[in-house]
Structure formats: C-alpha cells, structure tokens
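Convention: sequence-line order gives letters A, B, ...; per-chain numbering from 1.
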Protein chains: 2
Amino acid sequence: MAVKRESAAKAAVDVQAINRALGDPRRFEILQHIAAGQCVGCSALRTEFPITAATMSHHLKELEAVGLVDLTRNGKFVDVTFRRMTWQRYLAELKKL
Amino acid sequence: MAVKRESAAKAAVDVQAINRALGDPRRFEILQHIAAGQCVGCSALRTEFPITAATMSHHLKELEAVGLVDLTRNGKFVDVTFRRMTWQRYLAELKKL
DNA sequence: TTCATACTTCGATAACCATCTAATTGATGT
DNA sequence: ACATCAATTAGATGGTTATCGAAGTATGAA
C-alpha cells in the first residue's frame, strides 16, 4: 500500500536547495524566461542571455536538480519546461515562515 | 499630489536582492528563527547558531539591507523584528512567475 | 572614570561557484 | 562513413562572500 506512493504525490521540495539555486541572479532570470513561455529550447534561451552553451547547460542542470524544470531530449535539442507544481510547493513552504 | 507617496506605501521589494540574501542557508535559518518569535535579541539568536558575533552581525545587516528585518538598538542590545510586509510583497512577486 | 558587556568594523583566509575554453558525446543529414 | 550541429563534460580561473579573530565603539553599571 503506502510507502511506494511518492512519485507524483508529494516529493517534498527542498526549500534550501531552491533558495540556493535562485540565489544566482542569472539563474532566476533564466527561470523567469522559461516560466513565461510554454516550453523553450536551450538554443532559444541562449539567444536571450550572453552566456556560453556550457554555462547555460550548467544552469539548466541546477534548475532541474531542484525540480524547477524538466529537461527532455528532443533529437539534437533539449526542451525545457517549467514545473509549476514544484514552484507552488515552494511558495507554500515560504508562506509558512 | 502623487510622487512623494512612497514611504509606507509601496517601496517595491528587490526580488533579486532577497533571492541572493536567502541563498545562504544559514541566513535563511536565522530568518526562520526571527520570524517564528515576536522580537528577538541578537544574543538570544547567537545561542541558537554556532557562529561568532561578527558573523551574526554580518547576516543581520544583510537581512536588514533587503528589508526583511528591522534592527533597533535597545541600550546595549539590538532587537530584531521580522518585516512581514516585505515578506508578503516578496511572495507576491514570486507568485507572478 | 573604569570595567564589563553587546555589538560592529576591519583585515585576512578559505571555500564556493559562475564562467570560460576545449574536448566529448550524440543525433541528423549527405 | 563523414561532417555538422546541439548539448554536455572536464578542467581552469576569477570573483564573491561566509567566516573568523582582533580591534574598535557604545552603553550601562560600579
């Protein structure tokens, strides 16, 4: 019964980890951009910010690590989607303070 | 008429600055502690965290700089109070994303 | 005025991390 | 198979900053 059921259910956001991830101003800008659109490609993102592909890759990995975005390979490309669920859980935690 | 009216009114929180301030895990812990109580003294705070007075002073100044706390001298002591208004404005900004 | 307490400021150090370039992996097209 | 393009990984570097100890500044008490 229980125990195994934590896939789509809670997953409890790591507030501190997200805080840290958003602590970098560039990363927050990038997230804002992602959240604004529906689903963006890395390359499209790169045209918006004056950073190298390596750096963008790094930032997206960080955002993915804390559950704020999904990265899905699409052939040569990678699609980035905002995980609004995580964001809402994060906000809910902050509201407790 | 208008123009001058920005004292107690808006004051527009600097989201990026707050992000950065909360990016440090210790600082977030400290803020949590402050927000939990009514009004705490520096010394009381120091008993909760294994850091020197110098470091605590530094963190409180950062939190004050972004408007998250008020520091008021009280004789030899300093009282720290959570500025819930700033916090709510901050949350409101985050919700927009 | 002298002492002790509470905090701040200064200067130095160490750790962290954003960023870059270069090299690599992986996918598509010729 | 080869070339090209997208993205990741690896390694290096520089800037930022959390942290400390020590010296400085108030403040209140003796």
Side-chain angles (χ1 to χ4, degrees), chain A residues 14-35 37-83 90, chain B residues 14-35 37-83 97:
Chain A
D14 183 343
V15 176
Q16 288 277 33
I18 296 181
N19 282 345
R20 186 198 150 281
L22 301 185
D24 181 63
R26 184 90 66 191
R27 206 140 53 208
F28 186 67
E29 279 186 72
I30 293 172
L31 185 66
Q32 283 182 310
H33 218 90
I34 295 168
Q38 293 298 356
C39 173
V40 206
C42 282
S43 324
L45 272 180
R46 286 217 26 237
T47 69
E48 307 283 341
F49 303 96
I51 58 178
T52 66
T55 301
M56 179 61 80
S57 185
H58 166 65
H59 285 316
L60 292 178
K61 215 165 67 165
E62 293 283 325
L63 290 175
E64 184 193 32
V66 299
L68 283 174
V69 305
D70 259 345
L71 301 181
T72 64
R73 257 230 125 78
N74 191 354
K76 264 195 300 190
F77 306 86
V78 167
D79 289 339
V80 188
T81 57
F82 183 51
R83 297 191 70 190
Y90 175 63
Chain B
D14 184 342
V15 176
Q16 288 279 32
I18 295 181
N19 283 344
R20 185 198 149 281
L22 302 185
D24 181 64
R26 185 92 65 191
R27 207 139 52 207
F28 186 68
E29 279 186 72
I30 292 173
L31 185 65
Q32 284 182 310
H33 219 89
I34 295 168
Q38 293 298 355
C39 174
V40 206
C42 282
S43 324
L45 274 180
R46 285 213 33 234
T47 67
E48 305 285 340
F49 302 96
I51 58 181
T52 65
T55 301
M56 179 61 81
S57 185
H58 165 64
H59 285 316
L60 292 178
K61 214 165 68 165
E62 293 283 325
L63 292 174
E64 184 193 33
V66 299
L68 283 174
V69 305
D70 259 344
L71 301 182
T72 64
R73 257 229 126 77
N74 191 353
K76 266 196 297 189
F77 305 88
V78 168
D79 289 339
V80 187
T81 57
F82 183 51
R83 298 191 69 190
L97 182 141

inquiry  = Do B:L60 and B:L71 have side chains that approach each other closer than 4.5 Å (heavy atoms only, starting at C-beta)?
reply    = yes
query = How long is the line joining CZ of B:R26 and P of C:dA15, in whole Å?
reply = 15 Å
message = Any non-hydrogen side-chain atom of A:E62 less than 4.5 Å from a side-chain atom of A:S57?
response = no
Rounded interatomic separation in angstrom, taking CZ from A:F77 and P from C:dG29 = 10 Å
request  = Answer whether the closest heavy-atom distance between the side chains of B:V69 and B:T81 falls below 4.5 Å.
outcome  = no
request  = For C:dC7, take OP1 and OP2 only and decide whether either is under 4.0 Å from a side-chain N or O of B:S57.
outcome  = no
Sidechain-backbone polar pair: A:Q16 side chain, B:P25 backbone, donor-acceptor under 3.5 Å = yes
inquiry  = Quick one: does any side-chain atom of B:R27 pair with a main-chain N or O of B:L22 as donor and acceptor, under 3.5 Å?
reply    = no
request  = Assign each of B:H58 and A:E62 to its nearest nucleotide of DNA chain C by heavy atoms, then name whichever residue's nucleotide is nearer the 5' end.
outcome  = B:H58
ask   = Does OP1 or OP2 of D:dC20 have a side-chain N or O of B:T52 closer than 4.0 Å?
value = yes
query = How many Å lie between CD1 on B:I51 and C1' on C:dC7, as a whole number?
reply = 13 Å
task = Measure from CG on A:L22 to C1' on C:dC17 and round the result to the nearest Å.
result = 16 Å
inquiry  = Without decimals, in angstroms, what is the distance between B:D24 CG and D:dT16 P?
reply    = 17 Å
request  = For A:R20 and C:dA15, give me the distance from atom CZ to atom P, rounded to whole Å.
outcome  = 17 Å
request  = Grab the CD-P distance between B:E29 and D:dT19 for me, whole Å please.
outcome  = 10 Å
query = Given atom NE2 of B:H59 and atom P of D:dA18, what is their separation to the nearest angstrom?
reply = 6 Å
task = When you get a sec, tell me which of D:dA7, C:dA22, D:dA18 is the closest nucleotide to the side chain of A:V78?
result = D:dA7
request  = Would you tell me if any nitrogen or oxygen in the side chain of B:R73 comes within less than 4.0 Å of OP1 or OP2 on D:dT27?
outcome  = no
note = Checking D:dC5, D:dT19, C:dT8 against the side chain of A:K76 (C-beta onward), the nearest is D:dC5
